[in-house]
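The basis for the numbers below is simple: all heavy atoms, side chains too, and nothing from hydrogens, waters or symmetry mates. Note that the structure is a prediction, hence the values are computed from the model and not measured. Every number for a ligand or one of its atoms is a count from 1 in the order of the listing.
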Amino acid sequence: MSSFIITIDGPSGAGKSTICKMFSINDGFVHIDTGKIYRSIAYILKEVTEEELNKLELDFKIENLQVLFIYKGKILNDIILSEDIAKKASTIAKNEFVRDFVNKLARTIAQEGKFVIDGRDAGSVIFPNANIKFYLDAKLEERAKRRSKELSVDYSQSIKSLSCRDEQDTQRKIAPLVVPKGAIIIDTTFLSVEEVYNKIKSYF
Ligand SMILES: Nc1ncnc2c1ncn2[C@@H]1O[C@H](COP(=O)(O)OP(=O)(O)OP(=O)(O)O)[C@@H](O)[C@H]1O
Ligand SMILES: Nc1ccn([C@@H]2O[C@H](COP(=O)(O)O)[C@@H](O)[C@H]2O)c(=O)n1
């Protein structure tokens, strides 16, 4: 048996994870959120060196079609949501050894079955031969509005934090955020979650 892979890339707050979760609930796809792997590393390691990373035992399990990341028996998914962790994740994501670690783990998980994978380089680097690729985008102001509502943080703080991450993610030398070759671009700024989902489904 082989895998069927959908990739969804785009900047923070464009709505990638939300759509991936709908693909799990409605269509039975396992969701791999590669951002959560970067966040897990940022959360666990005080200093991210190649040596420390090589020793890192980050486990995973699939539950209700979501990939849970586990360290020393503790599920990390819900405790790594803050913008502080996200900013550290964005900084360590510049390192080649960190990216190799994440890519290897994501490919190990997506061995057999139906997977929807979101991130910044899911379709450009991790799964360049994915069955179908999407790139979700939205205006910075709308993404910040969504994020500040979700995390109950100040709007201007969200603008600052998201623009800093956008800059780091698009400007880094290795695997920067780009529209993957062959990806379908959807601007979600003025679309509801249901409208985005239905638009994506119309391509199948
Ligand atoms: N089309 C939409 N309209 C309004 N709100 C949305 C839409 N899509 C997502 N949201 C909301 O925006 C917030 C961010 O969405 P989500 O976490 O899916 O973004 P993301 O692209 O996965 O971000 P990140 O890369 O940081 O994980 C969530 O609170 C979500 O409910
Ligand atoms: N494929 C990816 C996924 C994520 N990153 C970096 O991690 C940060 C956190 O990601 P979220 O999707 O959870 O917000 C993000 O800002 C990126 O710097 C990445 O480089 N590649």
Side-chain angles (χ1 to χ4, degrees), residues 7-24 31-43 48 66-67 69 76-107 109-110 116-128 130 133-153 155 158 161-178 180 186-200:
T7 59
I8 306 188
D9 288 298
S12 183
K16 306 180 296 297
S17 312
T18 304
I19 293 301
C20 288
K21 283 188 188 115
M22 289 185 79
F23 266 95
S24 292
H31 173 205
I32 307 176
D33 184 339
T34 57
K36 286 226 164 31
I37 314 179
Y38 286 96
R39 286 172 184 252
S40 297
I41 297 167
Y43 174 79
V48 185
Q66 297 300 309
V67 180
F69 296 100
L76 302 181
N77 291 52
D78 289 337
I79 56 174
I80 52 175
L81 301 176
S82 75
E83 263 313 301
D84 280 349
I85 296 284
K87 272 199 266 178
K88 187 175 171 199
S90 183
T91 302
I92 63 160
K94 290 177 194 161
N95 298 337
E96 192 165 17
F97 58 86
V98 174
R99 302 207 71 84
D100 288 345
F101 179 97
V102 175
N103 298 351
K104 203 169 146 204
L105 182 53
R107 289 179 190 131
I109 301 169
V116 60
I117 298 135
D118 74 309
R120 303 295 182 287
D121 62 344
S124 56
V125 175
I126 318 180
F127 298 102
K133 303 178 191 180
F134 293 93
Y135 184 91
L136 298 191
D137 208 349
K139 286 197 193 323
L140 173 65
E141 291 75 13
E142 171 63 18
R143 292 188 283 121
K145 201 170 88 187
R146 292 174 187 174
R147 194 56 98 205
S148 59
K149 187 174 165 204
E150 178 190 2
L151 299 177
S152 302
V153 294
Y155 171 77
S158 288
S161 177
L162 289 188
S163 16
C164 169
R165 282 212 276 150
D166 284 357
E167 171 81 14
Q168 295 204 124
D169 292 346
T170 54
Q171 299 308 311
R172 69 171 168 248
K173 287 206 181 80
I174 309 162
L177 170 64
V178 292
I186 298 174
D187 187 336
T188 75
T189 309
F190 303 108
L191 299 179
S192 69
V193 170
E194 287 69 28
E195 285 171 326
V196 177
Y197 174 74
N198 289 334
K199 204 165 185 148
I200 288 183

K.L.:
Can you find an N/O atom of Asp33 closer than 3.5 Å to an N/O atom of ligand 1?
P.N.:
no
K.L.:
With the side chain counted from C-beta on, respond yes when Lys21 and Gln66 share a heavy-atom pair under 4.5 Å apart, and no when they do not.
P.N.:
yes
K.L.:
Check Ala138 against ligand 1 and report side chain, backbone, both or neither, counting heavy atoms closer than 4.0 Å.
P.N.:
neither
K.L.:
Please name the pair of heavy atoms, one in Ala122 and one in Gly119, separated by the smallest distance, quoted to 0.1 Å.
P.N.:
CB-N, 4.3 Å
K.L.:
Given Ile8, Thr18, Asp9, Leu151, identify the one with the heavy atom nearest to atom 30 (C) of ligand 1.
P.N.:
Thr18
K.L.:
For Ser82 and Asp84, test the side chains for any donor-to-acceptor distance below 3.5 angstrom and give the result as yes or no.
P.N.:
no
K.L.:
Could you find the nearest protein heavy atom to atom 28 (C) of ligand 1 and give me its residue, atom name and distance?
P.N.:
Glu150 OE1, 3.6 Å
K.L.:
Of all the heavy-atom pairs spanning Arg39 and Ala86, show the shortest one and how long it is.
P.N.:
NH2-CB, 3.5 Å
K.L.:
Among protein heavy atoms, which sits nearest to atom 3 (C) of ligand 2, and what does the distance come to when rounded to 0.1 Å?
P.N.:
Thr34 OG1, 3.5 Å
K.L.:
What are the two closest non-hydrogen atoms of Asp166 and Ser12, and how far apart are they?
P.N.:
OD1-N, 4.5 Å
K.L.:
To the nearest 0.1 Å, how far is atom 10 (O) of ligand 2 from its closest protein heavy atom, and which atom is that?
P.N.:
Gly35 CA, 3.6 Å
K.L.:
Quick one: are Cys20 and Ile8 in side-chain contact, heavy atoms under 4.5 Å?
P.N.:
yes
K.L.:
Return the closest protein heavy atom for atom 13 (O) of ligand 2 as residue, atom name and distance.
P.N.:
Arg39 NE, 2.6 Å
K.L.:
Consider every N or O of Arg147 and every N or O of ligand 2, then say whether any pair is closer than 3.5 Å.
P.N.:
no
K.L.:
Would one find an N or O of Ser12, backbone or side chain, under 3.5 Å from an N or O of ligand 1?
P.N.:
yes
K.L.:
If we only consider heavy atoms of Cys20, is any one of them less than 4.0 Å away from an atom in ligand 1?
P.N.:
no
K.L.:
So which heavy atom in the protein is nearest atom 26 (O) of ligand 1, and how far is it from that ligand atom?
P.N.:
Arg147 NH2, 2.3 Å
K.L.:
Under a 4.0 Å N-O cut-off, is there an ion pair linking Glu142 with Arg146?
P.N.:
yes
K.L.:
Any side-chain heavy-atom pair from Val153 and Glu83 closer than 4.5 angstrom?
P.N.:
no
K.L.:
Using a 4.0 Å heavy-atom threshold (strictly under), name the region of Arg99 that reaches ligand 2: side chain, backbone, both or neither.
P.N.:
side chain
K.L.:
Are any of the side-chain heavy atoms of Arg143 and Leu140 separated by less than 4.5 Å?
P.N.:
yes
K.L.:
One residue to check: Ser90. Relative to ligand 2, which of side chain, backbone, both or neither has a non-hydrogen atom less than 4.0 Å away?
P.N.:
both
K.L.:
Determine, for Arg147 against Glu150, whether the closest basic-nitrogen to carboxylate-oxygen distance falls under 4.0 angstrom.
P.N.:
yes
K.L.:
Under a heavy-atom criterion of less than 4.0 Å, does Arg120 contact ligand 1?
P.N.:
yes
K.L.:
Do any N/O atoms on Gly15 end up under 3.5 angstrom from N/O atoms on ligand 1?
P.N.:
yes
K.L.:
When you measure from atom 7 (O) of ligand 2 to every protein heavy atom, which one gives the shortest distance, and what is it?
P.N.:
Tyr38 CB, 3.6 Å
K.L.:
How close do Tyr197 and Ile19 get, counting heavy atoms only, and between which atoms?
P.N.:
N-CD1, 3.7 Å
K.L.:
Select the closest option to atom 18 (O) of ligand 2 among Asp169, Asp166, Val102, judged by heavy-atom distance.
P.N.:
Asp169
K.L.:
How close do Phe127 and Lys133 get, counting heavy atoms only, and between which atoms?
P.N.:
O-CE, 4.1 Å
K.L.:
Is there side-chain contact between Leu162 and Arg165, with heavy atoms separated by less than 4.5 Å?
P.N.:
yes
K.L.:
Should Ile126 and Thr7 count as side-chain neighbours, where that means a heavy-atom distance under 4.5 Å?
P.N.:
no
K.L.:
Write out the residue and atom name of the closest protein heavy atom to atom 21 (O) of ligand 1, then the distance separating them to 0.1 Å.
P.N.:
Lys16 NZ, 2.8 Å
K.L.:
Hey, does Tyr155 have a side-chain heavy atom less than 4.5 Å from the side chain of Lys149?
P.N.:
no
K.L.:
Heavy-atom pairs closer than 4.0 Å: do any link ligand 1 to the side chain of Lys21, the backbone, both, or neither?
P.N.:
neither
K.L.:
Do Arg165 and ligand 2 have an N or O pair less than 3.5 Å apart?
P.N.:
yes
K.L.:
Evaluate the side-chain contact (heavy atoms from CB on, under 4.5 Å) criterion for residues Ile186 and Leu191: first the C-alpha distance (whole Å), next the side-chain angles of each, then the deciding distance (0.1 Å), finally the verdict.
P.N.:
CA-CA 10 Å; Ile186 298 174; Leu191 299 179; 4.0 Å; yes
K.L.:
Among protein heavy atoms, which sits nearest to atom 27 (O) of ligand 1, and what does the distance come to when rounded to 0.1 Å?
P.N.:
Ser17 OG, 3.6 Å
K.L.:
With a 4.0 Å heavy-atom cut-off (strictly under), which part of Ala86 contacts ligand 1: side chain, backbone, both or neither?
P.N.:
neither
K.L.:
Is the closest side-chain heavy-atom distance between Arg120 and Val125 below 4.5 Å?
P.N.:
no
K.L.:
Among all the protein's non-hydrogen atoms, which is closest to atom 1 (N) of ligand 1, and how far away is it?
P.N.:
Leu191 O, 2.8 Å
K.L.:
Looking only at protein heavy atoms, identify the closest one to atom 10 (N) of ligand 1 and say how far it is in Å.
P.N.:
Arg146 CD, 3.8 Å
K.L.:
Could you go step by step and tell me if Leu136 and Ile200 meet the side-chain contact (heavy atoms from CB on, under 4.5 Å) rule?
P.N.:
CA-CA 10 Å; Leu136 298 191; Ile200 288 183; 4.2 Å; yes
K.L.:
How does Gln168 reach ligand 2, by side chain, by backbone, by both or by neither, if only non-hydrogen atoms under 4.0 Å count?
P.N.:
neither
K.L.:
Applying a strict 4.0 Å limit to heavy atoms, is Gly13 in contact with ligand 1?
P.N.:
yes
K.L.:
So which bit of Arg172 gets within less than 4.0 Å of ligand 2, heavy atoms only: side chain, backbone, both or neither?
P.N.:
side chain
K.L.:
Who's the nearest protein heavy-atom neighbour of atom 6 (C) of ligand 2, and how far?
P.N.:
Ala93 CB, 4.0 Å
K.L.:
Mind checking whether Gly35 has a heavy atom under 4.0 Å from ligand 1?
P.N.:
no
K.L.:
Taking N or O atoms only and a 3.5 Å limit, does Asp33 qualify as a polar contact for ligand 2?
P.N.:
no
K.L.:
Could you see which bit of Lys149 sits under 4.0 Å from ligand 1, with heavy atoms only: side chain, backbone, both or neither?
P.N.:
neither
K.L.:
For Pro11, take its heavy atoms, then give the atoms of ligand 1 lying under 4.0 Å from any of them.
P.N.:
21 (O)
K.L.:
Considering the heavy atoms of Ser192, write down every atom of ligand 1 situated less than 4.0 Å from one of them.
P.N.:
1 (N)
K.L.:
Closest heavy-atom contact between Thr189 and Ala138?
P.N.:
OG1-CA, 3.2 Å
K.L.:
Could you check atom 12 (O) of ligand 2 against the protein and tell me its nearest heavy-atom contact, residue, atom and distance included?
P.N.:
Arg120 NH1, 3.0 Å
